[in-house]
Every structure is written in C-alpha cells, then in structure tokens.
Amino acid sequence: MKLPTTKPVVSGRYFIYGTGGGQIVFHHYMIGEEWRANALTGTIRGQLVRAPDAVVATSDRGDVMVVDDDTASRRWDRSTFGPIVTSAAVGAGEVFVASTDQYLWAFDLANGDVLWRYFTESPLKTPPFAFDNAVLQFVPTEGLVCLEARGTSVD
C-alpha cells in the first residue's frame, strides 16, 4: 500500500488519493487493495480536485495531470515553469493552477491546451478559486485578483 499525502476523493468504488512519490492511487475500498495508479514527477502537495468524470492533480515539480476517474488513465498532463505547492481549481471547462513561477495558468479541461496565463509580481502559493465565468487568485504583492475564465490570452 502506498501512503497518502492527500485526502481521498471518492469515485464509484474507489478512494483516489495522492502520494509523496507523485502517484495518483485508485484504491478499491470494497476489496481493500489498490486497483490502478498513475504518476506525476515530484510530490503531490495540494489536494486532488474533482472535475466532471476526472480527477486533477498537481506536483511540486510543476506538473498538472487530469486522470479519468473510470479507467484511471491519463487524459493529459502539462508542466508549468515552476513548482506547484497548492491545489488546482476547476471551472466550467477549465483547470486553473497557481504556480511559484508567478503565473496563474488556465488549461482547457478537455485537452490540456493552455488557454492563458497571467503573470503576477510574486510566486503563487495559495489555491485559485473558480466560480461562474471567473477565477480568483490571491497574489501577495497585489491582493485579490479576479480574472475572466476564458477572457485572457496566452502571453
């Protein structure tokens, strides 16, 4: 058994959790054993986040991965320019990731394309918050920033 570093999320018959080794483990709770796993590089620091039919994980090596919650297969994975030390947020078709590279990233939930990234004055160490068609991010040197979910372009 791999030791969890995140709280589990529940999907069907599975507890899904992240580990210090970067694994996303699907543990069949009725049988009491691991069913499947997938992995990122680094340690999963933030919590796993549920998306429609998927789970989103981030790592302290800057990786973002979306895993299908029925098959445990990787839908897509991307990398930021720096470590991610907090959880992602899921909007209506987007995944938002705050990174210590000073960017707030917006990825397309379906395919992982970078929708936009917003450069800030300081490393981001708090999670974003998605709601309606917007995302909030606390930036230590700027305060609370609110951006349109699909309104910014990649710089």
Side-chain angles (χ1 to χ4, degrees), residues 2-11 14-27 37-69 72 74-155:
K2 297 172 178 92
L3 295 176
T5 57
T6 69
K7 292 179 183 176
V9 294
V10 178
S11 177
Y14 306 105
F15 289 130
I16 307 168
Y17 61 87
T19 72
Q23 289 118 350
I24 303 162
V25 177
F26 284 67
H27 185 87
N38 222 311
L40 295 163
T41 58
T43 299
I44 298 172
R45 296 274 183 220
Q47 297 300 316
L48 300 181
V49 178
R50 295 277 300 146
D53 303 320
V55 175
V56 180
T58 58
S59 81
D60 63 1
R61 294 264 178 107
D63 292 338
V64 182
M65 183 189 307
V66 173
V67 178
D68 186 277
D69 66 1
R74 183 182 311 221
R75 286 191 184 169
W76 58 263
D77 63 288
R78 300 291 181 266
S79 294
T80 64
F81 302 138
I84 302 166
V85 296
T86 189
S87 305
V90 175
E94 308 89 17
V95 174
F96 301 102
V97 176
S99 176
T100 59
D101 64 9
Q102 297 179 236
Y103 281 101
L104 175 64
W105 295 77
F107 298 96
D108 188 292
L109 178 60
N111 58 26
D113 287 348
V114 176
L115 299 172
W116 52 262
R117 59 183 183 251
Y118 176 79
F119 187 71
T120 65
E121 295 177 358
S122 57
L124 301 177
K125 297 180 181 179
T126 58
F129 178 78
F131 67 100
D132 295 333
N133 186 36
V135 60
L136 293 173
Q137 177 66 53
F138 176 74
V139 181
T141 56
E142 300 173 47
L144 192 60
V145 176
C146 182
L147 300 166
E148 272 189 65
R150 297 249 177 186
T152 311
S153 60
V154 175
D155 56 6

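Here the structure is a predicted model, which means the values were calculated and not measured.
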Enquirer: Which value, rounded to the nearest 0.5 Å, describes the distance between Phe26 atom CZ and Tyr17 atom OH?
Expert: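 Atom-to-atom, Phe26:CZ and Tyr17:OH are 11.5 Å apart.
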
Enquirer: Among residues at least two apart in sequence or on other chains, which ones pass side chain to side chain contact (heavy atoms under 4.5 Å, CB included) with Gln137?
Expert: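 Gln137 satisfies side chain to side chain contact (heavy atoms under 4.5 Å, CB included) with Ala98, Leu104, Leu124, Thr126, Pro128, Val139 once adjacent residues are dropped.
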
Enquirer: Of the non-hydrogen atoms in Pro127 and Ser87, which two are nearest, and what is the gap between them?
Expert: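 Closest approach of Pro127 to Ser87, heavy atoms only: CB-O, 3.6 Å.
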
Enquirer: Applying salt bridge (charged side-chain N to carboxylate O under 4.0 Å, His left out), which residue pairs with at least one partner in residues 90-99 are found, sequence neighbours left out?
Expert: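 Every salt bridge (charged side-chain N to carboxylate O under 4.0 Å, His left out) pair that includes a residue of residues 90-99, provided the two are not neighbours, is Glu94-Arg150.
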
Enquirer: In chain order, what residues pass the side chain to side chain donor-acceptor pair (under 3.5 Å) check against Ser99, with sequence neighbours excluded?
Expert: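 Testing Ser99 for side chain to side chain donor-acceptor pair (under 3.5 Å), a comparison that skips the adjacent residues, returns Thr80, Asp101.
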
Enquirer: For the residue pair Ala149 and Trp116, what are the closest heavy atoms and their distance?
Expert: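 That closest heavy-atom pairing would be O-NE1, 2.7 Å.
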
Enquirer: If a pair satisfies salt bridge (charged side-chain N to carboxylate O under 4.0 Å, His left out) and one of its residues is in residues 132-146, list it, with sequence neighbours excluded.
Expert: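 Sorted result for residues 132-146: empty, none.
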
Enquirer: What is the distance from atom OG1 of Thr120 to atom CZ of Phe138, rounded to the nearest 0.5 Å?
Expert: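 Here the interatomic distance stands at 11.0 Å.
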
Enquirer: Taking side chain as C-beta onward, heavy atoms only, is Val64 less than 4.5 Å from Phe107?
Expert: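 In short, these two side chains touch, coming nearer than 4.5 Å.
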
Enquirer: Suppose we screen for side chain to side chain contact (heavy atoms under 4.5 Å, CB included). Which residues come up paired with Ala134, at least two apart in sequence or across chains?
Expert: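 In terms of side chain to side chain contact (heavy atoms under 4.5 Å, CB included), with neighbours along the sequence ignored, Ala134 is linked to Phe131, Cys146.
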
Enquirer: Going through the checks in order, is the side chain to side chain contact (heavy atoms under 4.5 Å, CB included) test met by Leu40 and Arg61?
Expert: CA-CA 9 Å; Leu40 295 163; Arg61 294 264 178 107; over 6 Å; no

Enquirer: Locate the shortest heavy-atom distance separating Thr5 from Gly20; write the atom from each residue and the value.
Expert: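 For Thr5 versus Gly20, the nearest heavy atoms are CG2-N, 3.2 Å.
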
Enquirer: Of all heavy-atom pairs between Phe15 and Pro8, which one has the smallest distance, and what is that distance?
Expert: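 Taking Phe15 first and Pro8 second, the nearest heavy atoms are CB-CB, 4.1 Å.
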
Enquirer: Could you state the interatomic distance from CG (Asn38) to CD1 (Ile24), rounded to the nearest 0.5 Å?
Expert: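 So the CG of Asn38 and the CD1 of Ile24 are separated by 6.0 Å.
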
Enquirer: Once you round to the nearest 0.5 Å, how far does CZ of Arg78 lie from CG of Asn111?
Expert: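 Interatomic distance, Arg78 CZ to Asn111 CG, rounded to 0.5 Å: 7.0 Å.
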
Enquirer: Under the salt bridge (charged side-chain N to carboxylate O under 4.0 Å, His left out) rule, collect the residues that match up with Asp113, sequence neighbours excluded.
Expert: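 Once residues adjacent in sequence are excluded, Asp113 has no partner under the salt bridge (charged side-chain N to carboxylate O under 4.0 Å, His left out) criterion.
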
Enquirer: Can you name the residues that form a salt bridge (charged side-chain N to carboxylate O under 4.0 Å, His left out) with Arg74, not counting sequence neighbours?
Expert: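 Residues passing salt bridge (charged side-chain N to carboxylate O under 4.0 Å, His left out) with Arg74: Asp77.
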
Enquirer: On a heavy-atom basis, which atom in Asp63 and which in Ser79 lie closest, and how many Å separate them?
Expert: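 What the structure gives for the nearest pair is OD1-OG, 2.9 Å.
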
Enquirer: Please report the interatomic distance CG(Asn133) to CD(Glu148), rounded to the nearest 0.5 Å.
Expert: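 One gets 5.5 Å once the value is rounded to the nearest 0.5 Å.
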
Enquirer: Taking only residues two or more places apart in sequence, or in another chain, which ones meet Thr19 in a side chain to side chain donor-acceptor pair (under 3.5 Å)?
Expert: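 Residues passing side chain to side chain donor-acceptor pair (under 3.5 Å) with Thr19: Gln23.
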
Enquirer: So, using ring-ring contact (aromatic ring centres under 6.0 Å, His included) as the criterion, who are the partners of Phe81 when residues are at least two apart?
Expert: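 For Phe81 the ring-ring contact (aromatic ring centres under 6.0 Å, His included) partners, ignoring immediate neighbours, are Tyr103, Trp105.
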
Enquirer: Between Thr100 and Pro123 (side chain of the first, backbone of the second, donor and acceptor by atom type, cut-off under 3.5 Å), is there such a pair?
Expert: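 Pair absent, no side-chain N/O of Thr100 close to backbone of Pro123.
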
Enquirer: Holding to side chain to side chain contact (heavy atoms under 4.5 Å, CB included), I want the full list of residues that pass it with Thr43, two or more places apart in sequence or in another chain.
Expert: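 Partners of Thr43 by the side chain to side chain contact (heavy atoms under 4.5 Å, CB included) criterion, ordered by chain and then number, come out as Arg45, Asp60.
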
Enquirer: Mind listing the side-chain donor-acceptor pairs of residues 47-57 below 3.5 Å, one per line with the distance, residues two or more places apart or on another chain?
Expert:
| from | atom 1 | to | atom 2 | distance (Å) |
| --- | --- | --- | --- | --- |
| Gln47 | OE1 | Lys7 | N | 2.7 |
| Arg50 | NH1 | Asp69 | OD2 | 2.6 |
| Arg50 | NH2 | Asp69 | OD2 | 3.1 |

Enquirer: For Arg75, is the CZ atom crowded, meaning more than 12 foreign heavy atoms sit under 6.0 Å from it?
Expert: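 Counting neighbours around CZ of Arg75, more than 12 heavy atoms of other residues, nucleotides or ligands fall under 6.0 Å, so yes.
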
Enquirer: Could you list the residues that satisfy side chain to side chain donor-acceptor pair (under 3.5 Å) with Gln102, not counting sequence neighbours?
Expert: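 With sequence neighbours excluded, Gln102 shows a side chain to side chain donor-acceptor pair (under 3.5 Å) to no residue whatsoever.
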
Enquirer: Roughly how far apart are Leu147 CG and Tyr118 OH, rounded to 0.5 Å?
Expert: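 One gets 6.0 Å once the value is rounded to the nearest 0.5 Å.
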
Enquirer: So, Ser59 side chain and Gly42 main chain: donor-acceptor pair closer than 3.5 Å or not?
Expert: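 A pair under 3.5 Å: no.
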
